[in-house]
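Input: a single structure, listed below in structure tokens.
Each chain gets a letter, A, B and so on, in the order the sequences are listed, and its residues count up from 1.
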Protein chains: 2
Amino acid sequence: MRLDSVEPRIGAFVHIARDAAIAAAAESDARWCSGQPLSPIDGMPIGIKDIIETEDMPTGQGSPLWAGFETRRDSASVQALRDAGCIILGKTVTTEYAASEPLMPARNPHDPARTAGGSSAGSAAAVGAGILPAALGSQVVGSTLRPASYCGCVGYKPTYGALNRGGSFDHLTQSCVGVLAATPDDAWAVAMAIASRVGGDPGYPGLDGPLTIPPAIAPRRLAFLETAGWPKASEGARAAMAGARKRLAELGITVVSRGDSPAIETFERTIAEAGPVTFQIGDWEWRWPLGSYARRDGLSEPLRRRLASGMAMTAADYRRALRRRQEIRDEYAQAATSFDGFVLLGATGAAPVGLSWTGDPAINVPASLLGTPAISLPLLSDEGMPLGLQIIGRSDQDAALMAIADWVWHHYASDH
Amino acid sequence: MRLDSVEPRIGAFVHIARDAAIAAAAESDARWCSGQPLSPIDGMPIGIKDIIETEDMPTGQGSPLWAGFETRRDSASVQALRDAGCIILGKTVTTEYAASEPLMPARNPHDPARTAGGSSAGSAAAVGAGILPAALGSQVVGSTLRPASYCGCVGYKPTYGALNRGGSFDHLTQSCVGVLAATPDDAWAVAMAIASRVGGDPGYPGLDGPLTIPPAIAPRRLAFLETAGWPKASEGARAAMAGARKRLAELGITVVSRGDSPAIETFERTIAEAGPVTFQIGDWEWRWPLGSYARRDGLSEPLRRRLASGMAMTAADYRRALRRRQEIRDEYAQAATSFDGFVLLGATGAAPVGLSWTGDPAINVPASLLGTPAISLPLLSDEGMPLGLQIIGRSDQDAALMAIADWVWHHYASDH
């Protein structure tokens, strides 16, 4: 069992429900044998980021304050996956409250001296290591796309609100459930298993489309985006992106960039604000629950500083940041009409060496701010490590993004 | 102490933090004596509906399944109220999961043989009995306005999203934190103590206005709404409303109704759908967590039926209901430009006799569906019991609603 051989080296899990998983696998086998699977992914083993509630396992939020905390129920996503016949194998490592501090770090499966990224570290590491075909994460800033890029798996961040976050310690306005998976097919099937059973966040239309991945469609015209991440990208990552653009051109896809298009140049200037606007919105939103947690010991210094930063804001500051975000979203929606998608690096480079820093999210935050779907495909490399190729689509058009991502996935290497 | 004399007769509380409250009161006294109160309502004792998390008391959700459950943290609202110096006196009775079943009923303070209403039963009963000046509730259908009307207190349901629901077992898309209070002043001050510290729901602008109630403003023109509740209203309630319209006219306010205005007649036909559309939206949204809770014993039959109804829906049904809701909201926004507010009964009549039914929410659901602010003022009566006069305002214009409600509150009786 790959879990036993690899897990001790990477530490992707905080809890493993081994006996329950074995029992659930046997039940799934019986359903398939009788021709009555509960879903296309009945029997798929899945890992759950440890900010998402599970009835049979504690939810520790990557913090000593919450170690062993029993929530007594499943989150919406876990309820749906169990109803789809999936095997909930265990809870995976997260940074503290899915923010920046890796208090219990996971190691990168491709080099245990490097971080697995954050905050969905354990989910990405377990999938990247081949322990699991899929795992749930979340993303407010760059917490699904970045670890996927670092660990060499697919990372899918749906449209904001597309997957029900109920029953997760996952409160911020840009946050959404993300899927780490071995392939785009698996990522889509897991997401639809959730959406078809418990919908999106209350009040949102929820992810829409077929239960299995829609037919691949060749993109004709993509926009290459630098974002504020490009100046921070490693030499290797830039070279990898140059190679990717060449390869996409060979495949018949037109890739337009800021030098070719005044519209993209204008949008590049705007999207460079993605980080500052995101952090300002998050600072205010962290007033709760950090205000309560700060009364006790056990909150990291970085999060105490984050709280102080939020406490220095006014409600008017927050409203201004929300309005700015909406303006940027409107500008994106306008720009996006001319392209099948936006292509960019999956991270600013290979996973950094060391376990105390989960890496730079600068190139992942645009999709979070925009609320759009985005996917990172493990097609590039840097420093001999995996590196993602990121594609961003349009809000509530996740199926269209998945169709072109799947086409790129199947043609990128095989026609080479 | 009124708590000791009255509480045994009505059963408004499920938990009382007596020692903590005495200690908090002493600290508040010291702050006032040194001229350093934390807020205008420093020292105010407040009750908390038992679906809202409190660090020092369990949160039982009115269900045997959750009895004694310790959430280890304060909700956003409770964190804010503690930071404002308020005394969190206890947890108040709720129906099961703030839905329809009063598994542990509270009694009406004006007649213990009658219901206190639902779902914020204990909060309304405690305030109506004079035990507390204010308490928190919530409203998805009619759970703040209706018990306020029955128990003779002010009920304030803010604009959807205006008060941060974080840390509450309060997931539905129409739900919001509500305030039960002795006066409009107290209701507003409590709401602003929350909004100024933790804002609204993430992504929403949050309640905006002064920390104490804005200056009263006489309304000039109100629209009287029947809604689907009028045919269900008691004779006494209809007579009370006729008296209220006469009194408002004496005060110089024009009250227009469906007979006077084709626009109102059209909107009456639309808003009659408020109940069916609300329940359809809620049925889908209850798929989680009821799907998890139903695996165990201890879920009431009415909620099992509700879950079955949600399971019979498709995501497309839900999206259709959301679109219909938006159309109704748009129609309301249009109609509302001609009036300072909409006036209607606070409930279909006096609190029903008996404890097994919390009463009909037909006349309270419109404001929930619309997402608008609404207030119920205890100015009318039926069967010798309190009855509310409800005023509905415009979304994100809560301060304007409060200004006219306060004017009515001060002039309704005093100039008689």
Side-chain angles (χ1 to χ4, degrees), chain A residues 53 55 65-66 69-80 82-83 160-161 164-167 169 171-175 195-208 281-282 284-293 295-296 310-311 313-316 318-319 322-323 325 371, chain B residues 53 55 65-66 69-80 82-83 160-161 164-167 169 171-175 194-208 281-282 284-285 287-293 295-296 310-311 313-316 318-319 322-323 325 371:
Chain A
E53 300 178 23
E55 190 176 342
L65 270 173
W66 293 85
F69 182 59
E70 297 281 358
T71 64
R72 293 197 191 177
R73 65 176 183 181
D74 282 338
S75 72
S77 52
V78 172
Q79 171 186 310
R82 288 196 210 271
D83 287 347
Y160 178 72
N164 195 329
R165 274 183 293 166
F169 293 89
H171 311 290
L172 304 188
T173 187
Q174 283 181 197
S175 191
S196 62
R197 286 171 178 77
V198 293
D201 286 337
Y204 287 78
L207 186 67
D208 197 10
I281 289 172
W284 172 267
E285 293 178 352
W286 270 121
R287 280 182 163 221
W288 179 83
L290 293 190
S292 288
Y293 300 171
R295 295 184 195 135
R296 291 179 275 174
M311 294 305 289
M313 288 176 71
T314 65
Y318 177 65
R319 289 183 197 117
L322 289 182
R323 282 195 298 271
R325 182 173 73 183
Chain B
E53 300 178 23
E55 189 176 342
L65 270 173
W66 293 85
F69 182 58
E70 297 282 357
T71 63
R72 292 197 193 179
R73 66 177 182 179
D74 282 339
S75 72
S77 51
V78 171
Q79 172 186 310
R82 288 196 211 271
D83 286 346
Y160 177 73
N164 195 328
R165 272 182 295 166
F169 293 89
H171 311 289
L172 306 189
T173 186
Q174 285 182 196
S175 192
I194 296 170
S196 62
R197 286 170 178 78
V198 293
D201 285 337
Y204 286 78
L207 186 66
D208 197 9
I281 289 171
W284 172 266
E285 292 178 353
R287 279 180 163 223
W288 179 86
L290 293 190
S292 288
Y293 300 172
R295 295 185 194 133
R296 291 178 275 171
M311 295 305 290
M313 287 176 71
T314 65
Y318 177 65
R319 289 182 197 117
L322 289 182
R323 283 195 298 272
R325 182 172 73 182

[X] portion near chain B, given a 4.5 angstrom heavy-atom threshold:
X: A:T314; result: neither
X: A:I281; result: neither
X: A:S175; result: neither

Exercise for the section: Under 4.5 Å heavy-atom distance to chain A, tell me which part of B:W284 shows up: side chain, backbone, both or neither. Expected result: side chain

Exercise for the section: Using non-hydrogen atoms and a 4.5 Å limit, figure out which bit of B:R323 sits close to chain A: side chain, backbone, both or neither. Expected result: neither

Measuring from [X]:[atom1] to [Y]:[atom2], what's the distance to the nearest 0.5 Å?
X: B:F169; Y: A:R73; atom1: CZ; atom2: CZ; result: 5.0 Å
X: A:R72; Y: B:S292; atom1: CZ; atom2: OG; result: 14.0 Å
X: B:N164; Y: A:H171; atom1: CG; atom2: NE2; result: 9.5 Å
X: A:Y204; Y: B:T173; atom1: OH; atom2: OG1; result: 8.5 Å
X: B:W288; Y: A:S75; atom1: CH2; atom2: OG; result: 7.5 Å

Specify the closest pair of heavy atoms between [X] and [Y], including all atoms of both residues, with the distance to one decimal.
X: A:F69; Y: B:T71; value: CZ-O, 3.8 Å
X: B:L172; Y: A:P202; value: C-CB, 4.4 Å
X: B:L207; Y: A:R319; value: O-NH2, 3.4 Å

Below 4.5 Å, heavy-atom pairs only: which of [options] has the largest tally toward chain B?
options: A:Q174, A:R82, A:R296; value: A:R296
options: A:G200, A:A315, A:G166; value: A:G166
options: A:Q79, A:E70, A:E285; value: A:Q79

Practice task
Please confirm whether the backbone N or O of A:G203 pairs with a side-chain atom of B:Y318, one donor and one acceptor, at under 3.5 Å?
Solution key: yes

Exercise for the section: Begin with the C-alpha distance, continue with both residues' side-chain angles, and end with the deciding distance and a verdict on side chain to side chain contact (heavy atoms under 4.5 Å, CB included) for A:R295 and B:D74. Expected result: CA-CA 11 Å; A:R295 295 184 195 135; B:D74 282 339; 2.9 Å; yes

